[in-house]
Every structure is written in C-alpha cells, then in structure tokens.
Amino acid sequence: MAKLDETLLTGLPPFSKLEQSAIRGILDKAKLHRHNERAVIFNEGQAADRFFLLLDGYLRVIRSTPGGDQIILLHISPGQLFGIAPALHRDTYPATAVAAAESVALSWPVRLWPEFMSRYDGFATESYRTLGQRLGQIQETLTEMATQAVERRVASAVLRMISQSGRKTESGIEIAFPVTRQNISDMTGTTLHTVSRLLSAWERAGIVASTRKHILVMKPHELVMLSEIQG
DNA sequence: ACATTAAGGGGTA
DNA sequence: TACCCCTTAATGT
C-alpha cells in the first residue's frame with residue numbers, strides 16, 4: 001500500500017501536538033478505508049477489533065430497537081474518532097456505523113489503544129472529550145424525544161445537522177450530506193410523512209428549500225425559534 | 001396533535 | 001421496468 005501523507009493527521013485534534021516522526025509512525029500502522037454511501041463500517045454487537053478516525057465524508061450512528069426499526073443517534077463528521085469501544089472498556093461496538101455519504105477513514109487495531117492513550121499527547125483528552133460530547137448529545141436528543149412536540153424535534157434535528165456539517169452558500173446553509181425524510185424521522189421518532197409535511201410548510205414560509213436528499217436552510221434563526229418556542 | 005392509509009408524481013438504475 | 005424518494009389528502013387514535 002502506498003504511504004499515507006502526513007498532512008492527513010496534522011491539525012486534527014487527537015494528533016495536533018505531535019512531531020512529524022510520531023505522526024509518521026501512527027500512519028504506518030493505519031489502514032485506509034473507503035466507503036460508498038450506505039456502506040456499513042461496523043455493526044452493533046460486532047467484535048470491536050479496530051478503532052477509527054473519519055478523514056472525509058459523514059457517518060450515521062444507528063441503533064436498532066427491539067421493535068425492529070432503527071434510530072439514528074448522531075452523525076460523525078471529518079476529524080472525529082469513532083468506533084472507540086476500547087475507551088468504554090467494551091469489546092463490542094455499541095452501535096452500527098453507516099456511511100451517510102462517500103467517506104474515507106483510517107483505522108488501527110485495538111491493541112494499539114493503550115499505547116496511543118499513554119504515548120500521544122492530546123489523544124486521551126480528545127477521546128474523552130469526544131465521548132463526553134456524544135453522551136451529552138444523545139442524552140439531549142432522548143430528552144427531546146420524550147418531552148417535546150414533533151415540530152420542535154425536527155427543527156432541532158435539522159439545526160444539529162447544519163451546525164455539525166453546515167456548508168455556507170449564497171442563499172443559506174446546506175446540510176453537507178444526503179438526508180431523506182425517512183432519515184429525519186429516524187432521528188426524531190416520527191414518520192416520514194410528518195417530516196415531509198413539516199418541510200413543505202417551512203418551505204412555504206421561506207425558512208428552508210429542499211429537494212431530494214438535500215436541505216438548504218435559508219433562515220436558521222426561524223428554525224431556532226421553532227425549536228425553542230411552543231407553536 | 002399526531003399516525004396511518006392510500007394514491008400518485010417524478011427521478012434513476 | 002422496478003424501485004426509491006417525495007407529496008398530499010383523507011381518515012383514524
């Protein structure tokens with residue numbers, strides 16, 4: 001396999017404080033993965049033999065309910081660690097990771113985890129920061145699901161996606177990866193029909209513009225209002 | 001205030 | 001063509 005370029009990791013939080021030689025060593029132990037949209041990177045319950053860093057693209061983290069349908073817990077954007085089961089002292093992945101768009105990731109065998117934690121300055125802090133953020137985000141989503149009306153939940157979900165993956169354009173901020181109505185309903189515990197109706201209503205109000213798998217938010221502030229204030 | 005059902009349009013492999 | 005994504009109206013809880 002061709003040698004990976006060191007600039008892939010320089011500047012990324014887990015490795016930002018490292019010397020070139022250390023980064024070289026880390027890259028030489030890494031495996032490079034490319035995934036097409038909808039490809040499964042690993043499954044919930046599967047033996048966690050490697051941990052990952054997303055270089056490019058977007059992932060969905062999914063859990064299946066006993067009822068059979070799936071819940072989208074969160075998205076992962078470039079530069080983030082994922083599949084870090086060893087940080088939770090687990091030997092299986094707690095959720096399924098699916099590529100939301102064409103993605104590129106690096107991975108390392110879990111046996112290198114202790115070494116990374118102790119040897120590389122910033123890696124441990126970044127891992128725990130990531131875990132904390134994820135936990136907080138999931139907790140927030142779940143509380144939302146249990147307590148708030150559908151329109152507020154959908155507004156929050158869209159806002160979360162644009163704050164994590166928003167791409168600025170002339171007319172607003174667009175979600176940087178493909179999202180279907182069904183996807184949003186899987187994030188918010190509602191149906192694709194309700195999501196479709198809400199997006200249509202918001203479109204008539206000039207808040208968003210959406211086409212197939214693509215959402216552009218033209219008035220983020222209005223969405224914030226919808227996510228906070230009772231309709 | 002929501003889900004479900006039904007019926008259809010349009011795009012794409 | 002079959003399949004996926006999206007829309008809307010009517011009806012049900």
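Everything numeric in this text was worked out from a predicted model, so none of it was measured. In what follows, every chain begins at residue 1, and chains take the letters A, B, ... in the order their sequences are listed.
- Taking CZ from A:Phe51 and CZ from A:Phe82, the interatomic distance works out to 11.5 Å, rounded to the nearest 0.5 Å.
- Atom P of nucleotide C:dT7 and atom CH2 of A:Trp202 are separated by 13 Å, given to the nearest angstrom.
- Without hydrogens or angle criteria, A:Ser103 side chain to A:Tyr58 main chain gives a donor-acceptor distance under 3.5 Å.
- Salt-bridge formation is detected for the pair A:Arg160/A:Glu144: a Lys NZ or Arg NE/NH1/NH2 atom is positioned less than 4.0 Å from an Asp or Glu carboxylate oxygen.
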Would A:Trp202 and A:Glu151 count as a side-chain hydrogen bond (donor to acceptor under 3.5 Å, both in side chains) if you check the C-alpha gap in whole Å, the side-chain angles of each, and the deciding distance to 0.1 Å? CA-CA 10 Å; A:Trp202 295 348; A:Glu151 184 169 35; 2.9 Å; yes
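- Here the P atom of nucleotide C:dC5 and the CD atom of A:Gln182 are 9 Å apart, to the nearest Å.
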How would nucleotides 2-13 of chain B be written as a contact map, 5' to 3', with B for base contact, S for sugar-phosphate-only contact and - for no contact, using protein heavy atoms under 4.0 Å? SSBBB---B---
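- At the phosphate of C:dC6, neither OP1 nor OP2 sits under 4.0 Å from any side-chain N or O atom of A:Thr211.
- Distance CG (A:Leu192) to C1' (C:dT8): 12 Å, rounded to an integer number of Å.
- Atoms CZ and CG, from A:Arg63 and A:Asp186 in turn, are 14.5 Å apart once rounded to the nearest 0.5 Å.
- Side chains of A:Thr191 and A:Thr194: a donor on one and an acceptor on the other come within 3.5 Å.
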